[in-house]
Amino acid sequence: MAGSGERAVRTRARLAALLADASTAALRSAGGRVAGVYLRAGGPGDASDFLRLAVLAGLPGPLFRPWWRVHVDRPFPVCDAYRLGLPVVLPNATEAVRRYPQFAAGLPFPFASVHMPVPGGGGPLGVLAVLRPSAGDDGDEPLDRELLARLAEGLGTELLALADGDRGAIVWDGEPQCVRPPAARPPQAAVGRFTWDPATHAVHADDRLHTLLGLAAGDFAGTDTALAEALAPAEAYRVLAALRDTAAGKPPGAPLSLRAADGASRLLDLWPAGDGGALPSPADGGGAVARVGGVVFDPGRAALADGAADQLPHGVFCLDRLGTVVYANAAAARFAGRAREALLGRTLWDALPWLTGPPYDDHLRGALLSPEPVHFHVRRPGGPDGAHGGYDGFAVSVHPGDDLLTCTLVPASRMEAPGGPRPPGPAVAAGPSMAAGPSMAAAYRPIALAIALTDAVTAQQVSAVVMQELLPAFGGRRLAIYLLQERHLHLAWESGFPPGFLEPFDGVALDARIPAVETLATGRPLFFESMRQLAETYPGLPMDAEEGSRAFLPLIASGRPVGSCVLGFDGPRGFSAEERTVLTALAGLIAHAMERARRYDSEAALARGLQQALLPSRLSAHPRVETAGRYLPGTEGLDVGGDWYDVVESGDGLALVIGDVQGHGVQAAATMGQLRSAVRAFALGDRPPDEVLSGTNHLLIGLDPGQFASCCCLRLDPATGLTRIARAGHPPPLLLAPGGRARPLDIPGGVVLGVDPGARYPVTELILEPDAILALYTDGLVERAGADIDDGIADLCRALDRAGAAAGRRDGLTLSGVADRLTAAARHADARPDDVALLLARRLRHG
C-alpha cells in the first residue's frame, strides 16, 4: 500500500491483516490446502503490468518463490482472472494441462485451483487464489463459487475503504506474508506402540494405539490379523507380510504408508525387537528374532511429543504448513547433528538446509499440494562424521496431513542392498553414491519456456516471452537481446536499462571486446557476480549501475550463431552450477526460437510484399463519390491472407468490390491477385454486379486452385444514387443514412465463388442518399473467437454510428478518419487471427 511514515506502517499492517483474513476464509470455504492474494506490483522497478503475491496461507514462502511476481500477460490462470475480470476454475490436473500447460508444468501435482478476481470499481484490484484437492476428471466435485465470489467482493470493498477509494494505492511492494492456516482438527493421540510374537501371533498394544485406531480396549482381539484389519482393511496383506519379513530379520527399508478405512494416511514402522523388546542398533545384522516391535502414527495430527517416536530406529520430524519444525525425535536430531531444541521452532531451510533447495523443494511442494506421500534420497554434504550418527545418506519419506508433514529419515545402512526388496512407495531410485535425482524446478524452466515459445513467431514476440518467463524466474530486472546480421550485433529488444544506455552498442562489430560479443564468439556464457567483477574484466566498459550482476548468454542454434542475450540483476548474486546449466539450456531454446522467427519474418515479408503489390495503390476517384479503404494483415501464423478490395470506373459510375480468398499464404495471395484482375476486367466492361460475380466464379473454377472466395460487388451511379448490389457468401454491407442508425442491408446472396458453376447471384437495388455511408468489410473485422458473427456485425454498426456522428459535425472526421476509427480496435489488438479489409463509400451532395 502506498504511503509514508507512521501512517504507512499502520496501513500496511492493516492491509496485511485484511489479506490474511481473506485467505484463511477462502481456505475454509473452498476446502483448500493453499490460498493467497495477488495485488498489483508497487515496489522499486515494478511496473503496472506485474502482479505480486501479497499473502500466502498454507505453504512456505520459499516453495512458491517462482510465482511471487508474475507478468499479467503470462498464460497463467491468475493473470487471466486479473486481465479479464472473470473467475478461472481448474477442477483437476487434466484441465490445467489443457488450458494452462506452463502453469501445469511448474506444479506437476494432482490438485485443483480457483482464481477469483477481486473487484474494485474500475476493474480487478487483485486475485484471490485457492489450491485445493483435485476433483475427478469429470470435474463434478461441488464448489461454492458464489461464496468465494462474495469473499472476493467483500475484500475489494475493504481494500478500497482502506485506501480511501484510491485504486492506485492498492499495491504490494515486497515479499509475500506467509500465514499459518487454522488447524483442521483438534490435537488427538498421534502415536501408538505394540509388540508382536510371531510364535503365538499375539499383539500387545498400549492404550494410545487403541485411541489412534478408534477402538475400545475390549474391541481389540489382540492378534496380528485383527491389528492389520484395524490399521488398513484394504491393505491388511501388506501389514502381515511386513510382520513376517521383520520377524525373519528383514524389516522394511522405510515406514509403510497405509490408508485407513476412512482414507486417512497412517504410517507403520517395524523392527526386530529380540526377546526383551529392546531395539537393536540400525547396524545390527538380520536373522530370526523372537519378537517384533512396531509404532503406528498418524502423520496429519498433533506433534509426536509423547516420546513414543524416540524409540524408533530412524529419524522422524514434523513440519507445519509453513515449513517450521514442530517435532523431532532423538534419531532425527542425531542425524541432523544438532540438539533437538535447536531444531524446534525453526524453519526447515534454517534447521536442515541440506534437505532444501532443488530438487527437495519440489518434493515438499508436492507433499503439501497433493494427498500422496513422496519418497526420495538425499546425501548430506560433508560425508560421514560422528556429529550425525556416521551416516551421510538417507532415504526420505514425506507424508502429508491436514496440518502437518511427517518426514522420516532412514540411514543408508538400513536400506536394502541392490537386488533386494525396495522401500514401499514410489521411491526415486538413486545410484550407489546416493546422489539426488534431477530437480523438477530446474527441468521446469526449459519446459515452460519451450511451451511459451511455441506461440511466438516474430522476434518481438520471442523477446517478450523471454522477458515474461525468464526474468521473473531468476529475479532479473534487465534484458537485452542482440541479433547477428552481417557480422554486426543489432539490438532487437531491451527492457529495464537506463534510456539510451544501450544505443552505443547497437550495430557493434564482432571484433569489439565487449562481453555481448565475446560470449557469442567463444560460445561460452559469461557470468559476473558483481558489477565490480565486470568492470575489472572489461576495463573502460560503460556501466549502467554501480550495484548488480550480469549474465551474458550466447544464442547459438544448431551450431549457427544467432546473437546474444544479456540478463541484468539489481544486486550482487552468485550463479550456482545448476543455474548456469539451466540458463545455458534456455539460451539454446531462445536461439532456435529467434532463428525460426527470422525465417518467419523473411517469408512473411515476401508474402506481404506480394500481397501489397496486388492491392490497389490508389482507388479510382469520382467527383461525387468519396471512398476510403483499409487493409490489416493477420498476426497469427506464418502466412498472410487473401483479403482484397477495389474501386473500378464502370461506365458513368463506379464498381466497388471486396473479397476474401479462403486460406492463407502465398497461394491465397496469388489467387486473390487473379480474382482482383478478373473482377476489374468484368467491371470495366460496365457489366452488372451479378454478371461480374458469375464470370469471376467460372474463372476461379477453371483455374482449379483448390480454393474458394467470398465477394460482394456493387455498382453505384453517382448522379442518381442508384446502387445495385450482389454478394457471394460474403457478410452483408452496412448502410448509415444521414441522421439515422447504421444497419446491415438485407441482401439475398449466392454461394461462394469457386464451388458451383451454375450459381446465381441475385441483385438488390437501393438509392444511396447524399452523405450516406456504405461500408463493405471482410469477416476478420467482425468475427471473434467464441462469439456469434451477428454480434460482431452489431458492434461494427455501433462503431459506425459513433464515427458517422463525428464525421457529421462541422470540422468532423473525413471518410478516411471514419475508416481509421472502425479499424482502430483491430489495429491495436495484440493478435489478429485473420486479415481485415474495409471499404467505405460516401455519395457527396455536390460534385
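As the structure is a prediction and not an experimental result, all values here were calculated from the model.
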side-chain contact (heavy atoms from CB on, under 4.5 Å) between Val462 and Trp493, worked out: CA-CA 10 Å; Val462 170; Trp493 181 278; over 6 Å; no
Chi angles and distances behind the salt bridge (Lys or Arg N to Asp or Glu O under 4.0 Å) call for Arg40, Asp173: CA-CA 9 Å; Arg40 287 187 305 107; Asp173 59 0; over 6 Å; no
Residue pair Val179, Ser23: steps toward the side-chain contact (heavy atoms from CB on, under 4.5 Å) verdict: CA-CA 9 Å; Val179 178; Ser23 298; 5.9 Å; no
Pair Leu59-Leu368, side-chain contact (heavy atoms from CB on, under 4.5 Å): steps then yes or no: CA-CA 7 Å; Leu59 192 71; Leu368 283 161; 3.3 Å; yes
Audit row: Val37, Trp172, side-chain contact (heavy atoms from CB on, under 4.5 Å) steps and yes/no: CA-CA 10 Å; Val37 178; Trp172 191 263; over 6 Å; no
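A 4.5 Å side-chain heavy-atom check between Val325 and Asp350 finds every atom pair outside the cut-off. Residues Val118 and Val127 fail the side-chain proximity criterion, which asks for heavy atoms closer than 4.5 Å. You'll find the side chain of Leu18 reaches within 4.5 Å of the side chain of Leu155, heavy atoms only.
A donor-acceptor pair under 3.5 Å is absent between the side-chain atoms of Trp349 and the main chain of Ala351, judged by distance alone. In this structure, Thr519 contributes its side chain and Phe552 its backbone to a donor-acceptor pair below 3.5 Å. Distance alone, capped at 3.5 Å, is enough to place a donor-acceptor pair between the Arg321 side chain and the Gly58 backbone. Panel note: side chain Thr24, backbone Ala20; a donor-acceptor pair is recorded below 3.5 Å. Although no hydrogens or angles enter the test, the distance criterion places a donor-acceptor pair under 3.5 Å between the side chain of Arg167 and the main chain of Gly120. Between the Arg550 side chain and the Val566 main chain, no donor and acceptor come within less than 3.5 Å of each other. Under a 3.5 Å cut-off, the side chain of Ser549 and the backbone N or O of Gly571 do form a donor-acceptor pair.
For the pair Pro572 and Glu547, the tightest heavy-atom approach, listed with the atom from each and the gap, is CG-OE1, 3.6 Å. The minimum heavy-atom distance between Trp67 and Leu63, with the atom names listed, is CZ3-O, 4.0 Å. Nearest heavy-atom pair, Tyr38 versus Leu51, reported as atom, atom and distance to 0.1 Å: CD2-CB, 4.1 Å. Looking at every heavy atom in both residues, Cys79 comes nearest to His71 through SG-O, 3.1 Å. Annotation for Pro117 and Ala81: closest pair CB-O, 3.6 Å, computed over non-hydrogen atoms. Shown here for Leu520 and Val562, the closest heavy-atom pair between the two residues is CD1-N, 4.2 Å.
Rounded to the nearest 0.5 angstrom, Phe527 CZ and Leu534 CG are separated by 13.5 Å. Here CG of Leu19 is found 6.0 Å from CG of Leu159. Values are rounded to the nearest 0.5 Å. Once rounded to the nearest 0.5 Å, the distance linking CD1 of Ile514 with CG of Leu489 reads 7.0 Å. For the atom pair Leu348 CG and Leu364 CG, the distance stands at 6.0 Å (nearest 0.5 Å). Put simply, CG on Leu125 and CD1 on Ile170 are 4.5 Å apart, with the number rounded to the nearest 0.5 Å. Atom CG in Leu502 sits 4.5 Å away from atom CD in Glu494 (nearest 0.5 Å).
Taking the six-membered ring where the residue is Trp, Phe497 and Phe501 present parallel rings, their angle staying beneath 30° rather than reaching 60°.
For the pair Arg573 and Phe575, the cation sits on the ring face: its NZ or CZ lies under 6.0 Å from the ring centre, inside 45° of the axis.
Tyr538 pairs with exactly one of Arg513, Glu518, Gln533 by the side chain to side chain donor-acceptor pair (under 3.5 Å) rule, that one being Glu518.
A salt bridge links Asp320 and Arg180; the closest N-O separation between the charged side-chain nitrogens and carboxylate oxygens is under 4.0 Å. For Asp511 and Arg487, the salt-bridge test fails: no basic side-chain N is under 4.0 Å from an acidic carboxylate O. Salt-bridge formation is not detected for the pair Asp80/Arg74: no Lys NZ or Arg NE/NH1/NH2 atom is positioned less than 4.0 Å from an Asp or Glu carboxylate oxygen. By the 4.0 Å N-to-carboxylate-O rule, Asp361 lies too far from Arg65 to be salt-bridged with it.
Ring centers of Tyr82 and Phe76: at least 6.0 Å apart, outside the cut-off.
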